[in-house]
Peer 1: 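Below is a structure I'd like to ask you about.
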Amino acid sequence: MLIDYDMPLWRPPSEANSFILQATLGCSFNRCSFCSMYRTKQFVVRPLEQVQSEIRAMARAYPGTRRVFLADGDALATPTEQLLAILQALHLAFPRLERVSSYALPVNLLKKSVDELRQLREGGLTLLYYGIETGSADLLKRITKGATPEVMVTGLTKAKQAGLTLSATVVLGLGGQAYWREHIDATAELVNRVELDYLSTLQLMLDPTIEDEFRRKFREPFQLQDDQALLEEQARLIERLEPPAPLTFRSNHASNALALAGVLPRDRTALLDTLATALAGQVALRPDWLRGY
Ligand code: SF4
């Protein structure tokens with residue numbers, strides 16, 4: 001292999017054909033109770049020379065690269081100077097580069113100023129993937145997300161002011177059977193306060209290695225939602241979304257029972273019609289064995 005990746009390696013579905021470059025390893029937070037992605041890794045910012053050497057190796061093999069995803073869980077935690085050096089090396093190595101993206105955590109956007117984010121945008125960072133998960137302050141505590149709705153609105157607003165494209169995810173099912181309405185209503189409220197470009201839903205899937213911890217931190221018995229209930233969550237969310245700018249909505253992640261795609265508010269009726277057909281049992285849902293993160 002051209003690059004000796006530090007495993008496990010994760011990337012958003014839309015980065016399937018991108019050059020994945022590990023600017024950092026692990027997640028600098030690593031404490032969300034529903035997430036097992038980086039539990040086996042210690043967070044570290046990789047030395048710049050190592051990252052630059054991988055860029056050079058990739059440039060020799062694939063000089064026509066157009067898209068780069070900076071891994072792991074929050075490459076945006078890298079000091080701004082170092083991130084600017086990585087972006088410069090990427091744009092020098094790949095003359096046809098169109099897009100550089102990374103995951104962003106609430107804490108990353110809190111720590112970087114609008115000016116730093118703007119420098120990164122001008123340096124060629126174009127797109128951030130951001131996990132909102134839920135807009136409910138209570139549920140954010142129960143899943144130990146380490147952020148409040150206000151912190152998320154502040155950070156996402158800063159990133160938008162800096163000119164970055166924003167793609168956010170929410171996790172259907174995070175409120176369980178007891179709090180699903182609170183989860184959806186507060187999530188719609190938060191999304192309606194920020195100018196996102198893309199919004200995707202995932203369905204909660206608890207990895208057996210963290211399920212006990214998730215249930216303990218939830219502080220009361222947690223009952224998972226079934227597919228029918230999750231489709232109802234999806235419909236309630238779509239009904240309530242009034243984004244300040246056209247929002248591309250998707251549920252194409254492999255965890256979802258039903259793949260949806262449209263632009264809100266324009267396609268609201270069509271999306272709700274598809275959901276109503278699925279709720280009536282007239283559309284085949286993705287079988288369990290084809291689902292995953
Ligand atoms: S959900 Fe994101 S921030 Fe939370 S532990 Fe997982 S990778 Fe880190």
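In listed order, ligands and their atoms are each counted from 1. Since we're looking at a predicted model, the values are computed, not measured. For the single chain, residues carry numbers from 1 onward in sequence order.
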Peer 1: Any chance the side chains of Glu233 and Gln225 put a donor and an acceptor closer than 3.5 Å?
Peer 2: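 A donor-acceptor contact under 3.5 Å links the two side chains.
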Peer 1: Tell me whether the guanidinium CZ or amine NZ of Arg11 lies under 6.0 angstrom from the six-membered ring centre of Phe69 and within 45° of its axis.
Peer 2: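 Pair Arg11/Phe69 does not count as cation-pi.
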Peer 1: Is there a donor in the side chain of Ser28 and an acceptor in the side chain of Asp74, or the other way round, less than 3.5 Å apart?
Peer 2: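 Note: Ser28 and Asp74 side chains meet the donor-acceptor criterion.
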Peer 1: Would you say atom 8 (Fe) of ligand 1 has Cys35 as a near neighbour, meaning an N/O/S atom of that residue under 2.8 Å away?
Peer 2: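 No - counting backbone and side chain alike, Cys35 has no N, O or S atom under 2.8 Å.
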Peer 1: Between the side chains of His183 and Ser136, is a donor N or O closer than 3.5 angstrom to an acceptor N or O?
Peer 2: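 No, because no side-chain N or O of His183 sits under 3.5 Å from a partner of the opposite role on Ser136.
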Peer 1: For ligand 1, which atoms have a heavy atom of Asn30 less than 4.0 angstrom away?
Peer 2: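 Matching atoms, with element in brackets: 5 (S), 8 (Fe).
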Peer 1: Among all protein heavy atoms, pick the one closest to atom 2 (Fe) of ligand 1 and tell me residue, atom and distance.
Peer 2: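 The protein heavy atom lying closest is Lys145 NZ, 4.1 Å.
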Peer 1: Heavy atoms only, cut-off 4.0 Å: how does Tyr38 contact ligand 1, side chain, backbone, both, or neither?
Peer 2: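 It is the side chain that touches ligand 1; the backbone stays farther off.
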Peer 1: Tell me, which protein residue and heavy-atom name are nearest atom 8 (Fe) of ligand 1, and how many Å apart are they?
Peer 2: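 Ranking protein heavy atoms by distance from atom 8 (Fe) of ligand 1, first comes Cys27 SG, 2.3 Å.
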Peer 1: Examine all N, O or S atoms of Cys32, backbone included, and report whether one is under 2.8 Å from atom 4 (Fe) of ligand 1.
Peer 2: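 Yes, within the cut-off.
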Peer 1: Is it the case that the side chains of Thr80 and Gln119 hold a donor-acceptor pair, with the cut-off being a distance below 3.5 Å and no angle test?
Peer 2: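 Distance-only check fails for Gln119 and Thr80.
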Peer 1: Taking only heavy atoms of Leu105, which atoms of ligand 1 are found under 4.0 Å from at least one of them?
Peer 2: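 So the answer, numbered in order with elements, is 3 (S).
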Peer 1: Assess, by modelled atom type and distance only, whether the side chains of Glu54 and Tyr5 contain a donor and an acceptor separated by less than 3.5 Å.
Peer 2: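 Side chains of Glu54 and Tyr5: no pair found under 3.5 Å.
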